[in-house]
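Inspection log for the structure reproduced underneath, given as structure tokens.
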Amino acid sequence: MADTKVYRASTTAPVNIAVIKYWGKRDPKLNLPTNSSLSVTLSQSDLRTHTTASCSPSYPTSDSLLLNGSPQDVLGARTQACFRELRSLRQSLEASNPSLPKLSSYPLKIVSENNFPTAAGLASSAAGFAALVRAIADLYELPASPTELSKIARQGSGSACRSLFGGYVGWDKGTAADGSDSMAYEVAPAAHWPTMRAVILVVSAAKKGVSSTAGMQTTVATSSLFPARANETVPRRMKEMEAAVKAKDFETFAKVTMRDSNSFHATCLDTEPPIFYLNDVSRAAIKVVEEVNKKAGKTVAAYTFDAGPNAVIYYLEESEKEVAGLFKAMLGEKEGWEGARGSKIEANKTALEAAEKEAGVAIAGLKEGVARVILTGVGEGPLKTEETLIDEKGEPVNAVTNGS
């Protein structure tokens with residue numbers, strides 16, 4: 001009797017936010033970066049992609065992907081590269097053990113859901129490709145390590161390679177032309193420095209005007225600042241940041257994070273034509289963070305911005321009152337404070353009153369321009385889950401349309 005079984009595996013994967021930014025490709029096809037980068041993996045209780053990968057000989061002949069209830073194109077080079085590499089690893093297993101079912105030959109059906117807006121500057125593609133690669137690797141029962149899988153996820157979305165690990169994660173740019181040494185690695189697990197927190201000010205959930213892929217290649221081609229950043233500044237900062245994480249030195253972590261964000265956006269402005277990812281609300285967030293640090297008499301908060309206007313502000317749990325407490329007093333009416341994290345934070349009205357004297361215009365700008373807040377902290381890498389998005393007949397379950 002012909003095999004009609006539906007094989008399934010499910011995983012969740014995290015968002016990561018870089019503190020040393022990846023910007024620029026030396027090989028666009030293989031997603032090989034011009035510089036190394038370093039990120040913090042964020043808690044999946046706050047931000048995650050949940051993916052179920054399945055395959056069956058009973059499926060229609062073509063592969064398919066459903067994201068937040070909407071069919072996605074799987075014929076693009078990036079997705080195809082991931083499918084091809086994973087199928088090749090499965091074929092090797094099947095060749096060495098003929099008793100294994102020939103899963104590599106079956107069509108794939110993948111269902112994925114984000115619990116955050118897609119394509120809005122929240123690293124959705126990183127979590128998405130990390131979840132896709134990890135779920136298919138589990139479906140195929142591959143023995144590959146996270147580092148090996150990171151080389152596959154990188155081909156889908158560069159920063160996805162970092163979402164295959166928890167905690168504090170580096171991405172070595174590598175030097176080999178084939179990308180064999182361009183991979184992610186653990187700098188330190190989440191448990192090493194578990195008190196790292198972040199408040200994300202979501203400025204806009206609209207899709208950004210200049211995609212990261214297009215923007216970074218224009219920067220590489222036209223920015224006079226870019227070569228010094230890639231060849232001198234980032235290698236130095238990678239060493240400083242790895243040392244800061246290992247020493248749990250927040251002052252250095254924060255200062256290097258802010259400098260690198262500013263350096264990255266300076267190269268964007270130096271691009272022809274210039275790329276403006278930050279807006280007035282972003283600049284207001286910078287002003288408020290500067291005021292928080294000034295009032296504290298030391299660096300207790302660090303801003304960073306990816307290719308979009310949303311502010312990610314890192315702080316330690318011990319500084320929650322000065323940092324998150326201030327933002328709750330300022331933005332307490334916005335969505336995002338109602339969860340377990342938010343309810344524990346007390347609005348610091350005293351700090352707000354003091355800050356308004358020096359940064360009143362910036363605070364007014366945040367009140368007007370921030371759509372919602374997300375509270376999170378350092379977290380773990382991809383996790384297997386029994387919660388499936390595809391039923392035993394191969395049909396999507398509870399397909400949603402949240403966030404696209």
Side-chain angles (χ1 to χ4, degrees), residues 1-14 44 48-115 125 127-157 160-161 163-164 380-400:
M1 187 176 174
D3 181 10
T4 58
K5 181 178 176 180
V6 172
Y7 298 85
R8 298 174 292 169
S10 301
T11 192
T12 61
Q44 293 184 61
R48 70 182 175 278
T49 296
H50 178 192
T51 297
T52 297
S54 72
C55 63
S56 174
S58 64
Y59 283 171
T61 53
S62 56
D63 299 327
S64 67
L65 169 62
L66 200 65
L67 173 62
N68 293 333
S70 301
Q72 304 294 304
D73 177 20
V74 296
L75 297 178
R78 293 177 171 204
T79 306
Q80 284 298 309
C82 293
F83 286 177
R84 184 174 59 251
E85 297 268 353
L86 291 161
R87 279 192 163 116
S88 175
L89 291 175
R90 174 65 189 187
Q91 283 164 359
S92 297
L93 285 183
E94 292 165 358
S96 63
N97 184 353
S99 68
L100 290 175
K102 302 294 185 282
L103 302 189
S104 63
S105 66
Y106 301 161
L108 285 162
K109 184 181 289 187
I110 298 160
V111 175
S112 197
E113 293 178 0
N114 293 336
N115 69 343
S125 63
F129 273 103
L132 179 138
V133 168
R134 183 73 259 183
I136 297 174
D138 290 347
L139 173 71
Y140 287 167
E141 298 183 329
L142 301 178
S145 69
T147 294
E148 291 175 270
L149 293 178
S150 78
K151 290 188 274 187
I152 299 175
R154 183 204 74 225
Q155 295 177 58
S157 169
C161 71
S163 277
L164 283 161
E380 304 299 331
L383 299 167
K384 278 187 182 181
T385 176
E386 294 305 310
E387 188 182 342
T388 182
L389 299 175
I390 296 174
D391 66 21
E392 62 275 4
K393 295 178 182 175
E395 295 300 317
V397 293
N398 302 324
V400 295

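All figures in this text were calculated on a predicted structure; none of them were measured in a lab.
Taking R134 as the reference, D138 meet the salt bridge (Lys or Arg N to Asp or Glu O under 4.0 Å) condition, with sequence neighbours excluded. Applying the side-chain contact (heavy atoms from CB on, under 4.5 Å) rule to K102 yields the partners E94, S105; only residues at least two apart in sequence or on another chain are considered. Applying the side chain to side chain donor-acceptor pair (under 3.5 Å) rule to Y140 yields no partners; only residues at least two apart in sequence or on another chain are considered. For S99, the side chain to side chain donor-acceptor pair (under 3.5 Å) partners at least two apart in sequence or on another chain are N97. Every residue meeting the side-chain contact (heavy atoms from CB on, under 4.5 Å) condition with E392, not counting sequence neighbours, appears here in chain and number order: R8. In this view, T12 and Q44 satisfy the side chain to side chain donor-acceptor pair (under 3.5 Å) rule, not counting sequence neighbours. Looking at residues two or more places apart in sequence or on another chain, you find a side chain to side chain donor-acceptor pair (under 3.5 Å) between S145 and E148.
The closest donor-acceptor contact from the side chain of S70 to the backbone of L66 lies at 3.5 Å or more, if one exists at all. A donor-acceptor contact shorter than 3.5 Å is absent between the side chain of E141 and the backbone of A137. No side-chain donor-acceptor contact under 3.5 Å links S163 to the backbone of A160.
By the 4.5 Å heavy-atom criterion applied to side chains, T388 and V111 are not counted as neighbours. By the 4.5 Å heavy-atom criterion applied to side chains, F129 and I152 are not counted as neighbours. Here the side chains of I110 and S64 are not in contact, with every heavy-atom distance at 4.5 Å or above. Contact check for I390 versus V397: no side-chain heavy atoms found under the 4.5 Å cut-off. Side chains of C55 and P107 form no contact here, defined as non-hydrogen atoms less than 4.5 Å apart.
To the nearest 0.5 Å, the span separating OH on Y7 from CG on L139 amounts to 10.0 Å. Atom-to-atom distance recorded for L65:CG and L75:CG is 11.0 Å, nearest 0.5 angstrom. Separation of atoms OG (S125) and CG (L132) is listed at 12.0 Å; rounding is to 0.5 Å. Expressed to the nearest 0.5 Å, how far CG of L389 lies from CD of E113 amounts to 4.5 Å.
Among pairs with a residue in residues 48-58, none fulfils salt bridge (Lys or Arg N to Asp or Glu O under 4.0 Å), at least two apart in sequence or across chains. For residues 72-89, every residue pair satisfying the salt bridge (Lys or Arg N to Asp or Glu O under 4.0 Å) rule, not counting sequence neighbours, is listed here: D63-R87. Residue pairs meeting the side chain to side chain donor-acceptor pair (under 3.5 Å) criterion with at least one member in residues 49-59, sequence neighbours excluded: S10-T52, T49-N114, T51-S112, S54-Y59, S56-S58.
Nearest heavy-atom pair, K393 versus V6, reported as atom, atom and distance to 0.1 Å: C-CG2, 3.9 Å. Here the shortest heavy-atom pairing between L100 and L93 reads CD1-O, 3.6 Å. Heavy-atom minimum distance, P382 versus P14: N-CD, 3.9 Å.
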Are L86 and L149 close enough, and set up right, to give a side-chain contact (heavy atoms from CB on, under 4.5 Å), and what steps lead you there? CA-CA 9 Å; L86 291 161; L149 293 178; 4.2 Å; yes

